[in-house]
Amino acid sequence: MKDCIFCKIVAGEIPTQFVYEDDQVVAFNDIQPAAPVHIILIPRIHIPSFDDIKPEHKGLMGHLAWVAGELARQKNISEKGYRLVMNCGPDGGQEVFHLHFHLLGGKPLASGYGRQ
Ligand code: AMP
Ligand code: ZN
């Protein structure tokens, strides 16, 4: 997808070191980390947001979730715990419209999820 930052990362047009990659998924460190571990996990294909998941993406989404758990174990944050976040749409705080998980951990994270 033209003009999508994360598609450019997948295509190698924005040089980015992957912490994980396979035929369906890539993962890399967030450029503005909010925690000691802050990894972005994305599908290689362009799905704009959680709201765009179709039945044919079920396997891919399951795989993405499994990779997130694997990376948490590799980064040694699974015992103490971590947070997986997927922002959806403007009110959800999504800024990059290529579906992604944030994997956050390595410190106690504030409880709650945006209560005001
Ligand atoms: P969201 O607000 O959920 O759309 O999150 C987008 C995330 O992508 C933010 O945490 C950004 O810091 C991160 N990000 C944007 N551009 C890059 C990049 N080139 N490399 C790594 N992370 C990025
Ligand atoms: Zn994209």
Side-chain angles (χ1 to χ4, degrees):
M1 228 261 181
K2 212 172 146 278
D3 296 335
C4 169
I5 283 184
F6 287 176
C7 280
K8 286 183 179 165
I9 287 177
V10 170
E13 289 165 22
I14 298 176
T16 303
Q17 201 179 344
F18 294 151
V19 297
Y20 176 90
E21 66 175 311
D22 64 26
D23 59 333
Q24 298 178 75
V25 167
V26 306
F28 46 88
N29 289 319
D30 196 290
I31 205 167
Q32 280 192 296
V37 175
H38 187 170
I39 294 172
I40 300 287
L41 295 100
I42 66 174
R44 285 187 183 271
I45 62 166
H46 183 83
I47 302 171
S49 82
F50 191 79
D51 191 48
D52 298 296
I53 295 170
K54 303 285 184 279
E56 61 265 32
H57 300 136
K58 284 180 185 173
L60 173 61
M61 292 307 299
H63 182 62
L64 198 56
W66 177 80
V67 170
E70 279 291 293
L71 280 175
R73 285 183 285 276
Q74 273 181 29
K75 297 287 174 187
N76 293 313
I77 58 172
S78 56
E79 268 186 34
K80 285 195 165 176
Y82 53 89
R83 184 170 295 164
L84 266 182
V85 174
M86 187 179 294
N87 299 323
C88 178
D91 277 8
Q94 186 177 3
E95 289 180 352
V96 177
F97 282 80
H98 180 129
L99 179 148
H100 53 279
F101 276 122
H102 298 250
L103 170 64
L104 295 148
K107 71 170 187 184
L109 298 165
S111 60
Y113 36 87
R115 275 200 189 92
Q116 279 168 356

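No hydrogens, no waters, no symmetry mates; every other heavy atom, side chains included, goes into these values. Ligands are counted one by one from 1 in listed order, and the atoms in each one are counted from 1 as well.
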Could you say whether the N/O atoms of [X] and ligand 1 ever approach to under 3.5 Å?
{"X": "Ile14", "result": "no"}
{"X": "His38", "result": "no"}
{"X": "Ile5", "result": "no"}

Give the residue, atom name and distance (to 0.1 Å) of the protein heavy atom nearest [atom].
{"atom": "atom 19 (N) of ligand 1", "value": "Ile9 CD1, 3.8 Å"}
{"atom": "atom 8 (O) of ligand 1", "value": "Phe6 CZ, 3.5 Å"}
{"atom": "atom 20 (N) of ligand 1", "value": "Ile31 CB, 3.8 Å"}
{"atom": "atom 2 (O) of ligand 1", "value": "Gly93 O, 3.1 Å"}
{"atom": "atom 13 (C) of ligand 1", "value": "Asp30 OD2, 3.3 Å"}

TODO: Using a 4.0 Å heavy-atom cut-off, say whether Asn87 meets ligand 1 through its side chain, its backbone, both or neither.
DONE: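 Under 4.0 Å from ligand 1, Asn87 contributes side-chain atoms alone.
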Task: ligand 1 contact by Thr16, heavy-atom criterion under 4.0 angstrom - done: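 False for this residue.
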Task: Winner among His100, Gln94, Gln32, Lys8 once heavy atoms are compared against atom 3 (O) of ligand 1 - done: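 Heavy atom nearest to atom 3 (O) of ligand 1 belongs to His100.
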TODO: Could you count the protein N, O or S atoms found under 2.8 Å away from the Zn ion (ligand 2)?
DONE: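 If we list every protein N, O or S atom nearer than 2.8 Å to the Zn ion (ligand 2), we get 4.
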Numbered atoms and elements of ligand 1 in range of [X], under 4.0 angstrom, heavy atoms:
{"X": "Glu95", "answer": "1 (P), 2 (O), 4 (O)"}
{"X": "Phe28", "answer": "21 (C), 22 (N)"}
{"X": "His102", "answer": "1 (P), 3 (O), 5 (O), 7 (C), 10 (O)"}
{"X": "Val96", "answer": "4 (O), 6 (C)"}

Task: Derivation of the side chain to side chain contact (heavy atoms under 4.5 Å, CB included) call for His102 and Asn87 - done: CA-CA 9 Å; His102 298 250; Asn87 299 323; 3.9 Å; yes
Task: Over 12 non-hydrogen atoms of neighbours within 6.0 angstrom of OH in Tyr20 - done: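 Result for OH/Tyr20: enclosed.
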Task: More than 12 heavy atoms of other groups within 6.0 Å of Glu56 CD - done: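 Result for CD/Glu56: enclosed.
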Open item on the list: Before we go on, tell me: are the rings of His98 and His100 under 6.0 Å apart, centre to centre?
Closed with: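 Ring centroids of His98 and His100 are no less than 6.0 Å from each other.
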